[in-house]
Engineer: 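Mind having a look at this structure? Questions to follow.
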Amino acid sequence: DGERGHALFALGDVLDRRDACAEAFDCYTAANALKPGHFDGARWASEVAAIEAAWTPPAMAQLPAGLPSRRPVFIVGLPRSGSTLVEQILAAHEAVHGAGELTALEKIARTLGTPPTPAALAAAGPERVAAAYLEAAGGPPDAARVTDKMPANFRHLGLIRALFPRARIVHCRRDLRDVALSCLRQDFSGLGLAWSRSLEDVGAYFAGYRRLMAHWEGVLEDGLLSVAYEDLVAAPEATARRLIEGLELPWDPGCLRHFESGRVALTASHAQVREPIHRRSVGGFRRYEEQLAPLGRWLDAPDGGGA
C-alpha cells in the first residue's frame, strides 16, 4: 500500500502538469485512501469545544505569571500555509535562530491534560514549565529569538500566552482552498496527519481550526501577528519588515535573501523555500474548483472556513 500510494501521488503530479486535473485528483484521492490512520471528526470538534471552555479570559487572568522572555517565537497555522517560508525569512535575520518544528510544547501540553487547562498549569507552576520549554527548545545562547514552527501549536495559544506573556505568535494564513488542495496532494503518512486523508476530513479539521483561531483572537489582546501567504508573495519586503518589526528587532536586509542562506527546511516545502518568492502557488485551487466544491459545506458555514 505504501509503494502504491507513492506511485499514485507521483502519477497525480504528472497528470497535474498535463492539466488533466480530474484524473490527477482521482489519483490523489486513491493515494490518500491508502494512507494509515483514522481521523475522528466528532472527537476533534469536542476537543475544540473543550479548549474554548477552558481557556477563557477570566481563567487566564487568574494564572500566576510565566516568564517574561521574548526569546521564543511561535509560528502556527495549517500545514502548507506558508509557515516554512515565514520561518526561513525570520531565520535569515542575524538575531534569529530557526529551530524548526519542535515537539517540546506538545509534550508539555500532554503532561497537563487533554486538553491542558489553566488549573493544571497553575498547579504545575507556569515559571517552571516555561523554563522547561526554553531548555528543550535550545538554540544558540546569543540568539535573541528562537522560532518554533510547529503548525498544530495553534491549539495551545492560551498555554503559550500564559507561559510567555511577552512572546510573539505568528499566525500564518492562506486561502483554505489552496491549503486543502496542497494537503491532499502531499503524502503526510509519516507525520500522522490523519485528517489529510480525505476532503471530508480536511473540511472538518479546517472548521475546528477556524473556530479556535476566532476564539484566540478574542482572548489574546496582543502579541498575535497575522501573516497572509498571499500578502507575503505579493509584497515580500513590506510583509517581512512588518514581521521583523513585530518581533521588536532591527531590520536585516538578509531576510529578503533567505533562499541563499543554505538553511535546510525539513518540511514538504523544502524545495520551494530555497528559491526566490513567487506567486505560482496562489489561486491554484481554481483548476480544481469542481473537485473541491464539497469543501464549501465547511467553508461556507457561519462557524466554518473561508480564507
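Note that the structure is a prediction, hence the values are computed from the model and not measured. Just so it is clear, the values below take in all heavy atoms, side chains as well, and ignore hydrogens, waters and symmetry mates.
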Engineer: Below 30° counts as parallel, above 60° as perpendicular, anything between as tilted: where do the rings of Tyr209 and Phe154 land?
Structural biologist: perpendicular

Engineer: For a quick test of reading the model, state the closest non-hydrogen atom pair linking Asp201 to Ala194 and the distance between them.
Structural biologist: OD2-O, 4.2 Å

Engineer: In terms of ring plane angle, is the pair Phe74 and Tyr133 parallel, tilted or perpendicular, where the classes change at 30° and 60°?
Structural biologist: tilted

Engineer: Answer with yes or no after comparing the ring centroid distance for Trp195 and Tyr205 against a 6.0 Å cut-off, counting only values under it.
Structural biologist: yes

Engineer: Are side-chain heavy atoms of Val179 and Cys183 found at a separation under 4.5 Å?
Structural biologist: yes

Engineer: Mind listing the closest non-hydrogen atom pair of Pro79 and Phe188 along with its distance?
Structural biologist: CB-CZ, 4.3 Å

Engineer: Ion pair present between Lys149 and Glu87, side-chain N to carboxylate O less than 4.0 angstrom?
Structural biologist: no

Engineer: Identify which one of Thr56, Leu112, Leu63, Leu159 satisfies the side-chain contact (heavy atoms from CB on, under 4.5 Å) criterion when paired with Pro118.
Structural biologist: Leu63

Engineer: Is Leu11 reachable from Phe9 through a run of I, L, V, M, F, W or Y residues, each pair having side-chain heavy atoms under 4.5 Å apart?
Structural biologist: no

Engineer: CG/Leu232 to CZ/Arg173 distance, rounded to the nearest 0.5 angstrom?
Structural biologist: 12.0 Å

Engineer: Closer than 3.5 angstrom, by distance alone: can the side chain of Asn32 be matched with the main-chain N or O of Ser198 as a donor-acceptor pair?
Structural biologist: no

Engineer: With a 4.5 Å heavy-atom cut-off, do His38 and Arg197 have their side chains touching?
Structural biologist: no

Engineer: Salt-bridge test for Glu52 and Arg211: reply yes if a basic N is under 4.0 Å from a carboxylate O, no otherwise.
Structural biologist: yes

Engineer: Using a 4.5 Å cut-off on heavy atoms from C-beta on, say whether the side chain of Thr147 contacts that of His97.
Structural biologist: no

Engineer: Rounded to the nearest 0.5 Å, what's the gap from CG on Leu193 to CD on Gln186? Could you check?
Structural biologist: 10.5 Å

Engineer: Please find the pair of heavy atoms, one from Tyr229 and one from Gly82, that lie closest to each other, and give the distance.
Structural biologist: CD1-CA, 3.9 Å

Engineer: To the nearest 0.5 angstrom, please state how far the CZ atom of Phe39 sits from the CD atom of Glu200.
Structural biologist: 10.0 Å

Engineer: Does a side-chain heavy-atom distance below 4.5 Å link Thr29 with Leu8?
Structural biologist: no

Engineer: Answer yes or no: is there a side-chain heavy-atom contact under 4.5 Å between Arg286 and Arg177?
Structural biologist: no

Engineer: Any side-chain heavy atom of Leu163 within less than 4.5 Å of one from Leu67?
Structural biologist: no

Engineer: Taking all non-hydrogen atoms of both residues into account, name the closest pair between Pro116 and Trp55 and its distance.
Structural biologist: O-NE1, 2.9 Å

Engineer: Flag the pair Ile75 / Cys172 as yes when at least one side-chain heavy-atom distance between them is below 4.5 Å, and no otherwise.
Structural biologist: yes

Engineer: Quick one, Leu90 with Cys255, criterion side chain to side chain contact (heavy atoms under 4.5 Å, CB included). Give me CA distance, side-chain angles, the key distance, then yes/no.
Structural biologist: CA-CA 6 Å; Leu90 296 180; Cys255 293; over 6 Å; no

Engineer: Can you give me the closest heavy-atom contact between Arg166 and Pro68, atom names plus distance?
Structural biologist: CD-O, 3.2 Å

Engineer: Is the shortest distance from a Lys or Arg side-chain nitrogen in Arg185 or Asp16 to a carboxylate oxygen in the other one below 4.0 Å?
Structural biologist: yes

Engineer: Under the side chain to side chain contact (heavy atoms under 4.5 Å, CB included) rule, what do Leu184 and Ser196 come out as? Steps first, then yes or no, please.
Structural biologist: CA-CA 6 Å; Leu184 290 168; Ser196 67; 5.8 Å; no

Engineer: Report yes if some heavy atom in the side chain of Ile169 is under 4.5 Å from a heavy atom in the side chain of Trp216; otherwise report no.
Structural biologist: no

Engineer: So Ile244 and Asp252, side chain to side chain contact (heavy atoms under 4.5 Å, CB included) or not? Walk me through it.
Structural biologist: CA-CA 8 Å; Ile244 298 303; Asp252 183 343; over 6 Å; no

Engineer: Can you confirm whether more than 12 heavy atoms, excluding those of Glu245, are under 6.0 Å from its CD atom?
Structural biologist: no

Engineer: When rounded to the nearest 0.5 angstrom, what is the spacing between CG in Leu225 and OG1 in Thr239?
Structural biologist: 12.0 Å

Engineer: Taking Leu34 as the starting point, is it possible to reach Val14 by hopping between hydrophobic residues whose side chains are less than 4.5 Å apart?
Structural biologist: no

Engineer: Measure from the side-chain N and O atoms of Ser81 to the backbone N and O of Gly77, and report whether any donor-acceptor pair falls under 3.5 Å.
Structural biologist: no

Engineer: Step by step, work out the side chain to side chain donor-acceptor pair (under 3.5 Å) result for Ser182 and Arg80.
Structural biologist: CA-CA 7 Å; Ser182 188; Arg80 315 299 292 163; 2.6 Å; yes

Engineer: Go through it in stages, so that I can follow the logic: the residues are Leu105 and Met150, the test is side chain to side chain contact (heavy atoms under 4.5 Å, CB included), and I'd like the CA-CA distance, side-chain angles, deciding distance and then a yes or no.
Structural biologist: CA-CA 9 Å; Leu105 188 70; Met150 180 57 74; over 6 Å; no

Engineer: I need the minimum non-hydrogen distance between Gly254 and Ala92, along with the two atoms involved.
Structural biologist: O-CB, 3.4 Å

Engineer: Quick one: do Asp19 and Arg287 satisfy salt bridge (Lys or Arg N to Asp or Glu O under 4.0 Å)? Show the steps, please.
Structural biologist: CA-CA 8 Å; Asp19 287 325; Arg287 299 170 59 234; 2.8 Å; yes

Engineer: Side-chain heavy atoms nearer than 4.5 Å, only ILVMFWY residues, links allowed to pass through others: does that put Val146 and Phe164 together?
Structural biologist: no

Engineer: Does the pair Glu23/Arg18 count as a salt bridge with the N-to-O cut at 4.0 Å?
Structural biologist: no

Engineer: Between the side chains of Glu47 and Arg43, is the shortest nitrogen-to-carboxylate-oxygen separation below 4.0 Å, so that they form an ion pair?
Structural biologist: no

Engineer: Hey, could you give me the CD/CD distance between Glu101 and Glu106, rounded to the nearest 0.5 Å?
Structural biologist: 12.5 Å

